Amino acid sequence: MKSKHLLLAGALAAISATSWAQTELNLMTNKVGAEVQPTMYGIFFEDINYGADGGLYAEMVKNRSFEFPQNLMGWYTFGNVEVKDDGPFDRNPHYVRLGNPGHGHKHTGLENEGFFGVSYKKGEEYRFSVWARVPDGGKARLRVQLVDPQTMGENHNMGQADITVDSKEWKKYTAVIRANETVYKGKLRIFLAKPEEAKVDLEHISLFPANTWRGHENGMRQDLAQRLYDLHPGVFRFPGGCIVEGTDLDTRYQWKNTVGPVENRPTNENRWHYTFDYRFNPDYYQSLGLGFYEYFVLSEEIGAEPLPILNVGLICQYQNDLSAQPAVSELEPYIQDALDLIEFANGDTTTTWGALRAEMGHPAPFNLKYLGIGNEQWGPEYPERLEPFLKAIRAKHPEIKLVGSSGPNSEGAEFDYLWPEMTRLKADLVDEHFYRPEDWFLAQGARYDNYDRKGPKVFAGEYACHGRGKKWNHFNAALMEAAFMTGLERNADVVHMATYAPLFAHVEGWQWRPDMIWYDNMESFPTASYYVQQLYATNPGTNVLPLLGADKKPLTGAEGQNGLFASATYDKASDEYIVKVANTSDQPQPIKLNFKGMKKNEGIKSATVTTLHSDDPNADNSLDNPNRVVPTMERMALENAQDWTTVLPAKTFHVIRFSKK
Ligand code: AHR
């Protein structure tokens with residue numbers, strides 16, 4: 001039986017005024033092809049745009065260990081406050097001493113400005129903690145307050161707790177504070193309630209919302225982690241990006257500094273505080289409170305395969321010439337770091353690093369399967385460093401799939417040099433990066449059609465459409481990404497992972513845009529690009545199905561195809577066919593889809609159509625208007641249909657699930 005589905009009446013009226021011919025497509029339902037890898041659609045995380053500190057990592061105190069190079073950056077002190085450097089944590093030696101200000105009417109204490117403010121919500125609880133001691137004995141009473149600097153008088157204090165420090169030895173003290181008002185640009189104040197009692201030393205001053213993701217004490221922001229979970233990511237790449245490389249050897253990312261007690265994880269510079277002069281954030285450092293243990297746990301909790309990326313023995317090549325790089329003969333500690341990371345993730349609890357994992361709360365292995373070595377490296381210096389890593393890791397851990405890089409560009413000399421090198425070295429996957437404009441995405445629908453099927457697999461590790469004309473997270477960019485991704489899916493035999501980048505951006509602290517999820521200290525909103533990623537990741541199917549035009553060619557946006565892109569998969573679990581189709585043109589387009597090769601008694605009984613569309617290609621979501629571009633869903637019953645017709649509105653992405661039940 002034939003079915004006719006007229007999706008939008010308005011769109012139909014419009015086609016009569018155009019000359020677009022109907023596009024006929026044949027879905028070859030009996031040609032179940034390559035598996036779509038469970039890792040196919042994932043996320044890329046980097047501490048850029050205040051993505052970790054000031055973002056996903058829920059710590060509200062900036063410079064909590066007084067280890068920024070200016071030890072009191074982020075703090076405002078009053079009364080008798082001294083910075084000292086012989087504290088209890090050897091990798092974070094600084095702390096503050098609060099003493100008697102000398103007059104009964106004066107105060108001694110300090111205030112933290114937080115990340116763009118200490119923001120708290122009425123009725124919510126916050127967990128305060130501090131390491132403290134009374135160095136000369138006695139007792140010191142600390143008063144801890146959430147304050148609102150904009151409000152004077154008794155309303156100034158929006159919640160408080162008192163803590164009595166009564167030991168000459170360093171100890172951790174905790175208190176819960178309930179906020180009695182909502183304040184965005186608040187501060188955390190700590191002062192001596194009775195300064196004449198005793199002096200007190202304070203270290204690692206911390207404040208978290210009680211409500212973190214899954215209640216972890218050293219936890220993530222609930223709303224942001226939930227956004228990741230809701231994406232259904234198959235793979236989670238961390239911790240970057242350029243941050244892996246560092247601007248110099250000391251500031252490269254070293255995973256061993258990020259595990260163990262948070263109090264003793266050394267603060268690291270964040271290269272994004274100075275990378276772009278036009279977005280200069282001198283107070284941007286990495287506390288490493290969100291470290292490799294937390295990344296692994298989060299991967300597990302959001303259902304994604306962890307994919308750590310390690311430094312290959314090259315610091316940022318944009319900022320350093322070869323003379324600044326470690327020699328190949330000096331790579332042993334870097335390689336050992338990689339081997340030890342595998343032990344940390346997978347080793348049993350009798351091993352050194354497996355024991356640390358257990359001590360941190362996760363005796364079971366994390367089941368690490370993938371490891372990336374190097375970020376955007378280029379030139380012969382990269383393969384010559386990568387090679388000894390691959391040899392050493394393979395010798396000990398042949399089970400780990402290793403990811404190499406094709407450099408910072410999607411094509412060109414470096415790319416053309418590195419791909420054959422990665423093939424020679426038998427990298428399991430090759431990381432490709434492309435931040436490119438609309439016309440690039442429109443021209444790349446068939447990018448992977450002719451890739452070598454026997455070589456390494458593709459990890460499209462960083463990509464986003466960067467609109468021309470200074471348009472950022474607007475709908476049209478997301479549509480370009482959706483169209484391009486049909487090409488990833490059609491080529492799922494060779495493309496095994498794809499992660500949009502960057503993931504997060506704070507509206508007050510970004511350095512790079514577009515980004516997938518934006519937020520301030522209280523709220524967050526997904527962009528149109530987020531919805532594209534979510535639509536793919538929640539509708540991957542298990543196997544590719546051929547979806548061919550009358551000329552037996554796929555829709556790749558090629559000349560003569562009117563800006564249409566399409567892919568299809570079969571989903572074994574639900575026995576559904578999933579079709580993704582993007583109309584990037586500015587005309588509605590009639591489409592007829594024939595279901596070829598179904599069994600005689602089979603027919604399509606329902607179609608669930610999810611649509612991402614905006615009449616305004618420049619429309620974007622924002623904190624004030626988070627739902628300007630959101631997917632809509634429509635389910636329709638069909639009568640044993642053998643074909644399906646629709647009019648695909650201009651500038652629209654559809655995901656359609658066809659069910660035979
Ligand atoms: O995603 C932002 C940056 O882009 C990454 O750190 C880097 O790998 C790329 O150049």
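None of the values given here were measured: they were computed from a predicted structure. When a ligand or atom number is given, it counts from 1 through the structure's own listing order.
- Looking at Glu462, Glu46, Glu245, it is Glu462 that brings a heavy atom closest to atom 9 (C) of ligand 1.
- For ligand 1, the polar-atom distance check against Cys242 finds a nitrogen or oxygen pair separated by under 3.5 Å.
- Under a 4.0 Å heavy-atom criterion, Pro408 is not in contact with ligand 1.
- Ligand-side atoms of ligand 1 in range of Gly241: 5 (C), 6 (O), 8 (O), range being under 4.0 angstrom from any heavy atom.
- None of His474, Met480, Glu481 except one satisfies the side chain to side chain contact (heavy atoms under 4.5 Å, CB included) rule with Ser529; the exception is Glu481.
- A salt bridge links Arg237 and Glu462; the closest N-O separation between the charged side-chain nitrogens and carboxylate oxygens is under 4.0 Å.
- Numbered from 1 in the order shown, with element, the atoms of ligand 1 that lie under 4.0 Å from a heavy atom of Trp512 read 2 (C), 3 (C), 4 (O).
- For Tyr530, there are no ring pair (Phe, Tyr, Trp, His ring centres under 6.0 Å) partners two or more places apart in sequence or in a different chain.
- With respect to Glu438 and Lys471, no salt bridge is recorded, no charged nitrogen being found less than 4.0 Å from a carboxylate O.
- A salt bridge is defined here as a Lys NZ or Arg NE, NH1 or NH2 lying under 4.0 Å from an Asp or Glu carboxylate O, and Arg265 with Glu294 meets this definition.
- With ligand atoms numbered from 1 in the order given, ligand 1 contributes 7 (C), 8 (O), 9 (C), 10 (O) to contacts under 4.0 Å with heavy atoms of Glu376.
- Distances below 4.0 Å separate heavy atoms of Tyr435 from the following atoms of ligand 1: 1 (O), 2 (C), 4 (O), 9 (C).
- Contacts between Asn375 and ligand 1, counted as non-hydrogen atom pairs separated by less than 4.0 Å, involve the side chain only.
- Residues Ser405 and Val430 share a closest heavy-atom pair of C-CG1, 4.1 Å.
- Salt bridge status for Asp223 with Arg221: present, with a side-chain N to carboxylate O gap under 4.0 Å.
- Counting the atoms of ligand 1 from 1 in the order shown, those under 4.0 Å from a heavy atom of Trp272 are 6 (O).
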